[in-house]
Structure formats: structure tokens, C-alpha cells
Amino acid sequence: MSQSLVSVIIPCYNAEKWVGEAIQSCLEQAYRPIEIIIIDDGSTDSSLTIIKHYGERYSDLIRYESQPNRGAPSARNRGFELSRGDYIQWLDSDDRMARGKLQCQVSILQNDKADVVTGWWKNLIEEKPGLFVEGPVREPLLTDDPVASLIDDDGWAPLSSYLMTRQTVDTVSGWNEKLTSVQDVDFILRIAMNGARFLVAQYLCGYYRRPLTATVSTRDKTVFMQNCFDIYDRVYHFYQGGGWKEEYGRMLSRRYGWLARYFFEHDRVMFERCMKQIQLFEPHYVPEGPSQLRWLTRILGYRNAEQIALWYRMTKGLVFK
């Protein structure tokens, strides 16, 4: 196996608690050659100090820059501009790679002629402040249709578990800097829609941190859900242009249905947009969810069933205040 350069690109914003672990997980990889490129995105904590410490100690492996706060997609794009590797590893500053990950996945990319390889991963769950425990191994399920797999919960995997060729990244023109959430889903889906060949390494490759404090998606959930709607809409039009199958409608109705349940309470305009899409696939739609909701839907229709469910939740909240 020829030893091709791997570029590890780490965007960092106020990750002083974890960025050292992320960098250490790169240094612990047996695979060489690697370069570690860290873009500090205007951190106001001690992240940059930690990054500089590692940069000075491992100057043969690490390069870093600091920029005004523009968001993780901008930092990733800048890191890619600076990179020279044949293979690209994206790593968020609060996540980690597993030992041996790069050796395993470079071998797959070279020997099996794949464009993208993902792998098994684990959550790092904060049970109490500062105490993270490993969750069970998660095995992403990818079919011959990676677009469908990637919008299914079972197909999702964090960036730490991926490795891809440089050419693959070049074909999609980088990260969307306008998105504040679901940036990884958008990026990987665009790669899949472009025809990239995906494989799964039967090997633990990455760790995904789930802290107690709010993430971007939980801080502004409505924007997160709207971004998800846009992604599902794009998938719908992608399938329309390439030969529609009935199974795509069932898959998308589940995803739009998940959004509809949230938007019924928080944004009725978006709820109606979701329902318009669902009606294309299932005119007599019955949602997934509690059996009572499904039963009410069959009797009263979905909108009325959701209204009763909302009244119940609001009344229950008042009772227990």
C-alpha cells in the first residue's frame, strides 16, 4: 500500500475542554504521513492557546490558523484550501478518531477503489458534568442507494467516522457556509448525489460527543428543522430526476411526518408545506408515533388528531406546573 498523505482538518470554536483530545486522537494514529490542519474560528476561550501548544510541539505534523468567527463550514473550507493530502479526514474539535482508523480506511479506499468510507462509531455521552461514558457501537447501514441510507437514522454517522478522497471533495465545491446546522448531512448527501461510491469499514472509527449543554440544533430547533425540510426537498427532486420508486415516497413521508409533528406546534406554515409533500406520497397518511395518535388520525384525520394531542400536552403541562 502506497503511503498517501492524509489531511486531517479540524475546525475549532470555544472547545478548550476537548480540542486537545481531538488532536491527540490524530497523533495516536499509526498511519503516516498525515498533516493536521486546525482552523480556530474566533474562539474566545483558551482553545487557541491549546492549539498553539500542540502546534509548537508537533510542528512537523500540525499547522494552524485563526480567523474571525464565521462558522464551522467556513473553517473547514479554509482548512481544505491549506491541505495537500490525497485523502481528507474531517474531525470536529469535540470528537475523536479511534485508534487504527486511518490505517484501516486508507487501505479500503486504495484496495476497493471507493470514494468515501465510513465505519462503526460510538457516542460519548455526558452523564453528569465532565463525565463522559461510551455508548454502544453503532454500525451505519448503507445500501446500494447511499442517498436513501443517509437520510435514514440508521445510515447517519458523524464526520469522525468518515475518510474520503480529495477528488470527492473537489466535486461538490466545499461546505455550504450559509447553513448553521445539519451541515454534515448536507455535505455528505451532496457527495452521494454526485455518484460517489461508499463503503463501510467493519471497524470502530470514530467517537461523537453528546454534552449536556445545548448544541446548535437544540439552541435553535426551528432553524434546524427547517434545514432538514430543505434537505428532504432536495432529495425528493433528486429522485424525481432519476427514476421514481414507490419506496422513496414511503421513506420521505416518514421524514416529512417527523417534521410535521414538530411544526404543528411551532410553525403552521411549515406544517402545511410538510403535509403538501406527504399527500403526494400517501393521500391517507397515518403518522408514526403513539398508538392513540394513529387511532385518532384514522377517525378524525391527521390535523384534528394533532390538535387534540397538542391540547393534551398543554393541559398536562399546566397540571404539573
Side-chain angles (χ1 to χ4, degrees), residues 7-13 15 18-19 22 25 37-39 41 70-80 83 87-98 101 105 115-124 138-142 146-166 168-194 196 198 200-201 205-211 214-221 223-235 238 255 258:
S7 298
V8 184
I9 299 171
I10 306 176
C12 178
Y13 176 71
W18 307 304
V19 66
S25 77
I37 300 171
I38 310 167
I39 307 298
D41 190 44
R70 301 191 185 104
S74 170
R76 294 186 188 110
N77 284 337
R78 178 55 182 160
F80 184 68
S83 70
Y87 301 111
I88 304 298
Q89 168 70 57
W90 310 101
L91 180 64
D92 287 347
S93 55
D94 55 349
D95 293 341
R96 298 198 323 243
M97 286 190 285
K101 178 235 203 269
Q105 291 187 317
D115 302 302
V116 181
V117 60
T118 185
W120 300 349
W121 59 280
K122 289 184 177 183
N123 283 309
L124 293 175
R138 304 285 297 272
E139 302 178 17
L141 301 178
L142 289 183
V147 174
S149 299
L150 288 165
I151 66 166
D152 190 311
D153 289 339
D154 291 333
W156 184 87
L159 291 175
S160 58
S161 71
Y162 280 95
L163 187 69
M164 59 191 64
T165 66
R166 183 178 198 87
T168 297
V169 180
D170 280 329
T171 61
V172 295
S173 303
W175 291 74
N176 184 346
E177 298 186 14
K178 295 180 180 179
L179 286 177
T180 57
S181 58
V182 296
Q183 306 143 348
D184 54 341
V185 178
D186 168 80
F187 182 71
I188 301 297
L189 266 176
R190 283 190 283 122
I191 288 172
M193 290 178 181
N194 206 46
F198 284 68
V200 179
C205 293
Y207 295 90
Y208 181 68
R209 196 177 301 273
R210 293 188 178 274
T215 63
V216 171
S217 59
T218 55
R219 280 198 302 267
D220 196 341
K221 191 170 181 179
V223 172
F224 170 81
M225 301 296 263
Q226 288 171 340
N227 287 340
C228 288
F229 179 92
D230 291 341
I231 284 175
Y232 301 152
D233 219 32
R234 201 180 327 144
V235 170
F238 170 77
R255 305 317 297 166
W258 169 65

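All residue numbers in this chain count up from 1 along the given sequence. What's counted below: heavy atoms across the whole structure, side chains too, no hydrogens, waters or symmetry copies.
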Between I37 and G79, the two heavy atoms sitting closest are CD1-O, 3.8 Å

C12 and S93 have their tightest heavy-atom pair at CA-OG, 3.7 Å

Value for CG (D94) from OG (S160), rounded to nearest 0.5 Å, stands at 9.5 Å

The residue among V172, N194, I151 that forms side-chain contact (heavy atoms from CB on, under 4.5 Å) with L189 is I151

G155 and L150 have their tightest heavy-atom pair at O-CD2, 4.0 Å

Scanning both residues in full, the closest heavy-atom pair of A75 with P11 reads CB-CB, 3.6 Å

Practice task
Go through the steps for W90 and V169 under the test side chain to side chain contact (heavy atoms under 4.5 Å, CB included), then give the verdict.
Solution key: CA-CA 11 Å; W90 310 101; V169 180; 3.9 Å; yes

If we only count heavy atoms from C-beta on, is the M97 to V8 side-chain gap below 4.5 Å? yes

Ionic contact status for R190 with D186, cut-off 4.0 Å = yes

Residues at least two apart in sequence or cross-chain that pass ring pair (Phe, Tyr, Trp, His ring centres under 6.0 Å) with W121, listed by chain then number, are W156

Could you go through T180 and D220, starting from their C-alpha distance and side-chain angles, then the distance that decides it, and tell me whether this counts as side chain to side chain contact (heavy atoms under 4.5 Å, CB included)?
CA-CA 9 Å; T180 57; D220 196 341; over 6 Å; no

query: Between S25 and Y207, is a side chain to side chain contact (heavy atoms under 4.5 Å, CB included) present by the stated rule, with each step listed?
result: CA-CA 10 Å; S25 77; Y207 295 90; over 6 Å; no

Is there side-chain contact between R70 and D41, with heavy atoms separated by less than 4.5 Å? yes

The reported gap from OH in Y208 to CZ in R210 (rounded to nearest 0.5 angstrom) is 5.0 Å

Does R166 qualify as a cation-pi partner of F80, given the criterion of NZ or CZ under 6.0 Å from the six-membered ring centre and within 45 degrees of its axis? yes

### M193 vs V235, side chain to side chain contact (heavy atoms under 4.5 Å, CB included): CA-CA, chis, key distance, verdict
CA-CA 9 Å; M193 290 178 181; V235 170; 3.6 Å; yes

Separation between CG (D95) and CG (L124), nearest 0.5 Å, reads 7.5 Å

Taken to the nearest 0.5 Å, the spacing of M164 CE from Q105 CD works out to 9.5 Å

Counting C-beta onward and ignoring hydrogens, is there a side-chain heavy-atom pair between Y162 and T118 closer than 4.5 Å?
yes

(message) Does this structure show an ion pair linking R76 with D92, if we count only N-O contacts that are shorter than 4.0 Å?
(response) yes

Heavy-atom closest pair (A196 atom, V116 atom, distance to 0.1 Å) is CB-CG2, 4.3 Å

Nearest heavy-atom approach of T168 to T165 is OG1-OG1, 2.7 Å

Interatomic distance, CG@N176 vs CG@N77, rounded to 0.5 Å, equals 9.0 Å

Handout entry: Any side-chain heavy-atom pair of V117 and C205 under 4.5 Å
Key = no

Evaluate the side-chain proximity of C228 to V182: yes if any heavy-atom separation is below 4.5 Å, no if none is. yes

Rounded to the nearest 0.5 Å, the CD atom of E139 sits from the OG atom of S161 at a distance of 12.0 Å

